[in-house]
Amino acid sequence: MENIRGEEPQPDHQPSIEQKIYIALAAIPQGKVVTYGQLGDLAGVPRAARQVGYILRNLPTETTLPWHRVINAAGKISLGPDTDSGIRQRALLQEEGVVFNNGRISLKQFRWQP
DNA sequence: ATGGTGACTTGGC
DNA sequence: TGCCAAGCCACCA
């Protein structure tokens with residue numbers, strides 16, 4: 001596999017941070033969400049919240065990964081509600097049955113806990 | 001080398 | 001509840 005910057009894998013064959021994030025991301029079930037920091041933890045990369053955001057921002061638009069199931073610790077979408085991606089994320093989540101209350105998702109109800 | 005930035009998080013009022 | 005300051009860490013100019 002190759003990373004988002006088109007670089008080849010590390011010579012030691014260790015999974016890159018990105019690959020770990022992709023794998024953890026792919027495991028999130030439909031109708032559930034995780035926070036940026038949680039995704040890092042699930043991928044075995046603590047304190048990687050900002051890095052997760054960076055990686056998601058650089059995903060190709062045609063990705064099949066469930067990028068929309070990642071929200072912030074406040075239970076809100078981190079993209080502006082006025083941006084195309086922000087609007088799409090909300091729509092995709094609602095299609096999966098995720099409910100918004102005043103722009104917020106109840107982590108109590110919808111957070112995925114393996 | 002170095003300081004600014006950001007799809008973030010946490011603790012304290 | 002909500003706002004703020006710190007902490008965080010890869011990326012970039």
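Side chains included, hydrogens not; waters and symmetry mates left out as well; all remaining heavy atoms used. All chains are named by letter (A, B, ...) in the order of the sequence lines, taking the proteins before the strands, and each is independently numbered beginning at 1.
Near DNA chain B, meaning a heavy atom under 4.0 Å away, the residues from residues 27-39 of chain A are A:T35, A:Y36, A:G37. Within residues 73-88 of chain A, the residues approaching DNA chain B are A:A73, A:S78, A:L79, by heavy-atom distance under 4.0 Å. Near DNA chain B, meaning a heavy atom under 4.0 Å from it, residues 62-72 of chain A has A:W67, A:N72 in order of number. Scanning residues 89-101 of chain A for heavy-atom distances under 4.0 Å to DNA chain B yields an empty list.
Under the 4.5 Å side-chain heavy-atom criterion for ILVMFWY residues, a single connected hydrophobic cluster contains both A:L107 and A:F100. Under the 4.5 Å side-chain contact rule for hydrophobic residues, A:V99 and A:I71 share a cluster.
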Canonical and wobble pairing (Watson-Crick, G-U, under 3.5 Å) of DNA chain C, dot-bracket with |: .||||||.|||||
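Within the 4.5 Å cutoff, the side chain of A:F110 has no heavy atoms near those of the A:L93 side chain. Inter-residue side-chain proximity for A:V45 and A:V52 is flagged as unmet; no heavy-atom pair is nearer than 4.5 Å.
One finds the CG atom of A:L79 at 13.0 Å from the NE2 atom of A:H68 (value rounded to the nearest 0.5 Å). Here the CZ atom belonging to A:R69 is positioned 6.0 Å from the CD atom belonging to A:Q30, to the nearest 0.5 angstrom. The distance from atom CD1 of A:I17 to atom OH of A:Y54, rounded to the nearest 0.5 Å, is 13.5 Å.
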Distance-only check: which donor-acceptor pairs under 3.5 Å involve side-chain atoms of residues 33-43 of chain A, not counting sequence neighbours?
residue: A:T35; atom: OG1; partner: A:Q38; partner atom: N; Å: 3.1
residue: A:T35; atom: OG1; partner: A:R111; partner atom: NH2; Å: 3.4
residue: A:Q38; atom: OE1; partner: A:T35; partner atom: N; Å: 3.3
residue: A:Q38; atom: OE1; partner: A:R111; partner atom: NE; Å: 2.9
residue: A:Q38; atom: OE1; partner: A:R111; partner atom: NH2; Å: 3.2
residue: A:Q38; atom: NE2; partner: A:W112; partner atom: O; Å: 2.7

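Residue pairs meeting the side-chain hydrogen bond (donor to acceptor under 3.5 Å, both in side chains) criterion with at least one member in residues 73-89 of chain A, sequence neighbours excluded, are A:N72-A:S78. The list of side-chain hydrogen bond (donor to acceptor under 3.5 Å, both in side chains) pairs with a residue in residues 97-110 of chain A, not counting sequence neighbours, is empty.
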Please write out each protein N/O paired with an N/O of nucleotides 6-10 of chain C under 3.5 Å, distance rounded to 0.1 Å.
residue: C:dC9; atom: OP1; partner: A:R47; partner atom: NE; Å: 3.1

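Every residue was checked against the side-chain contact (heavy atoms from CB on, under 4.5 Å) condition with A:R50, not counting sequence neighbours, and none meets it. In this structure, the side-chain contact (heavy atoms from CB on, under 4.5 Å) partners of A:L65, at least two apart in sequence or on a different chain, are A:Y22, A:L25, A:A26, A:L59, A:T63.
With a cutoff of under 4.0 Å to any heavy atom of chain A, the contacted region of DNA chain B is bounded 5' to 3' by B:dG6 to B:dT9.
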